[in-house]
Amino acid sequence: MNAPFQDAQAKAPDRAPRLPLTVLIAAPRGFCAGVDRAIEIVERALEKYGAPVYVRHEIVHNRFVVDNLKAKGAIFVEELDDVPDDMPVVFSAHGVPKSVPAEARRRELTYVDATCPLVSKVHRQAERQVEAGRHIIFIGHKGHPEVIGTFGQVPEGQMTLVETVADVAELDFTPETPLAFLTQTTLSVDDTFKVVAALKERFPQIVGPKAEDICYATSNRQMAVKLVAPGSDLVLVIGAPNSSNSVRLVEVAERCGTTARLIQRGSDLRPEWLDGVGTVGLTAGASAPESLVREVVDRLGEWRDVEEHTLVTAEEKMVFKLPRQLTA
């Protein structure tokens with residue numbers, strides 16, 4: 001070995017050791033039964049009818065999922081008017097107003113309804129309450145596809161939207177008005193409890209559903225974040241900005257006193273987010289695949305020595321049947 005090389009090697013600084021990072025992974029997380037079913041519906045429709053298959057609105061709120069289905073031959077459109085005649089179309093998991101399948105039948109389009117069965121249950125409840133002569137107070141987020149779809153199940157004027165306890169205070173129904181309440185399936189469990197309590201206090205005559213409308217997956221994922229967040233310096237939620245259940249997970253973590261960030265995939269991460277962070281909590285909204293969870297963990301592993309721990313709050317075994325037209 002020559003002398004100059006020896007000198008350079010001797011002067012080379014030691015490589016700084018990588019800091020450890022504990023990653024607390026929430027369970028349950030990611031895909032729910034309704035999302036699994038919706039994606040499989042599009043894939044089976046492509047197999048049965050051939051590409052392209054049109055999908056009205058994003059099948060689920062996740063860009064990664066949508067792009068994968070596009071690559072297989074799905075074409076996503078916002079309205080039924082954008083679907084050519086004689087082409088098959090799938091309706092998204094969020095549900096659609098009654099007018100949409102009615103128009104599809106008028107045009108003699110082949111259509112498959114991928115509405116989550118738990119959303120369909122809310123639709124049936126809305127119909128029954130109106131048939132019983134009750135006006136519906138619907139707790140949900142204005143403009144969300146699920147809200148639009150549910151409002152479209154009953155005649156116009158039969159349902160009123162509220163989002164907050166403050167909205168309840170603005171309602172002007174009398175104590176004699178027959179009322180019922182229903183909720184969007186992807187809301188904050190804690191916020192919804194407060195709004196329901198305000199409704200019952202203001203309108204003692206109001207009738208609610210026999211079982212909670214907020215879906216099991218939304219509730220389970222929020223409960224898992226409540227376990228993970230208090231022991232974390234930062235919580236990462238994988239999901240889309242227009243995914244209601246994912247945004248709710250961020251809010252749940254923040255209410256636990258923990259900084260939380262919504263990301264769509266590993267490439268969204270920034271190393272400076274880990275400054276002063278020893279423990280990261282990690283979860284995924286109901287529309288985010290497990291592959292994105294692994295992608296985020298791998299990305300964190302580029303900067304730190306990661307040690308993973310999974311914290312389980314519930315086991316999910318729910319499976320929803322596919323539409324008969326795709327299984328025959």
Side-chain angles (χ1 to χ4, degrees), residues 22-35 60-62 94 116 118-119 139-144 146-147 162-168 183-198 211-265 268-269 273-274 277-290 292-293 296-297 300 308-316 318:
T22 300
V23 178
L24 304 179
I25 304 179
R29 63 182 176 276
F31 278 178
C32 62
V35 168
V60 295
H61 284 155
N62 186 275
H94 305 100
C116 173
L118 298 180
V119 175
I139 307 169
H141 295 298
K142 184 178 180 180
H144 189 277
E146 185 180 330
V147 174
V162 297
E163 297 191 53
T164 65
V165 170
D167 292 338
V168 174
T183 80
Q184 184 178 327
T185 64
T186 55
L187 300 178
S188 159
V189 174
D190 295 336
D191 285 348
T192 304
F193 178 83
K194 293 175 184 176
V195 176
V196 170
E212 187 179 79
D213 286 338
I214 296 176
C215 86
Y216 76 96
T218 297
S219 300
N220 286 348
R221 279 148 190 74
Q222 290 179 23
M223 187 61 68
V225 167
K226 288 179 181 180
L227 179 63
V228 165
S232 302
D233 303 306
L234 169 69
V235 171
L236 299 173
V237 177
I238 304 170
N242 60 339
S243 167
S244 176
N245 75 87
S246 299
V247 174
R248 303 290 81 76
L249 293 177
V250 173
E251 294 172 353
V252 169
E254 290 175 338
R255 286 174 184 173
C256 292
T258 307
T259 300
R261 292 183 180 271
L262 182 68
I263 59 173
Q264 298 200 62
R265 57 186 314 167
D268 292 342
L269 289 171
W273 294 355
L274 299 181
V277 170
T279 302
V280 167
L282 179 60
T283 189
S287 302
E290 182 64 16
L292 294 184
V293 175
V296 169
V297 173
L300 292 171
E308 297 179 43
H309 299 276
T310 300
L311 304 186
V312 182
T313 55
E315 297 286 343
E316 294 181 348
M318 183 78 73

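Values below: every heavy atom of this structure, side chains too, minus hydrogens, waters and symmetry copies. Just so you know, these numbers come straight off a predicted model, no measurement behind them. Residue numbers run from 1 in the order of the sequence given.
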Q) Checking Thr183 side chain against Gly140 main chain: does a donor-acceptor pair fall under 3.5 Å? A) no
Q | Any side-chain heavy-atom pair of Val189 and Val252 under 4.5 Å | A | no
Q) Do the non-hydrogen side-chain atoms of Val297 and Glu308 ever get within less than 4.5 Å of each other? A) yes
Q. Can you check whether Thr186's main-chain N or O pairs, donor with acceptor, with Ser244's side chain at less than 3.5 Å?
A. yes
Q: Check whether any side-chain heavy atom of Asn245 lies under 4.5 Å from a side-chain heavy atom of Gln222, and answer yes or no.
A: no
Q. Is the backbone of Pro28 close enough, under 3.5 Å, to the side chain of Arg221 for a donor and an acceptor to pair up by distance?
A. no
Q | Check: Met318 and Asn220 side chains under 4.5 Å, non-hydrogen atoms | A | no
(Q) Please tell me whether Glu146 and Thr185 have a donor and an acceptor in their side chains that are separated by less than 3.5 angstrom. (A) yes
(Q) Using only atom types and a distance under 3.5 Å, with no angle test, would you say the side chain of Ser232 pairs donor to acceptor with the backbone of Val235? (A) no
Q. With a 4.5 Å limit on heavy-atom distance, are the side chains of Leu118 and Tyr216 in contact?
A. yes
Q: Could you pull out all residues at least two apart from Ser246 that satisfy side-chain hydrogen bond (donor to acceptor under 3.5 Å, both in side chains)?
A: Ser243
Q. Quick one: does Thr283's side chain get under 4.5 Å of Val228's, heavy atoms only?
A. no
Q. Is there a side-chain contact between Ile238 and Leu282, using heavy atoms and a 4.5 Å cut-off?
A. yes
Q. Where do Lys142 and Asp167 land on the salt bridge (charged side-chain N to carboxylate O under 4.0 Å, His left out) test, with the steps shown first?
A. CA-CA 12 Å; Lys142 184 178 180 180; Asp167 292 338; over 6 Å; no
Q: Taking His61 for its side chain and Asn242 for its backbone only, find out whether a donor-acceptor pair lies under 3.5 Å.
A: yes
Q. Within the distance-only criterion (no hydrogens, no angle test), does the side chain of Gln184 pair as donor or acceptor with the backbone N or O of Val147 below 3.5 angstrom?
A. no
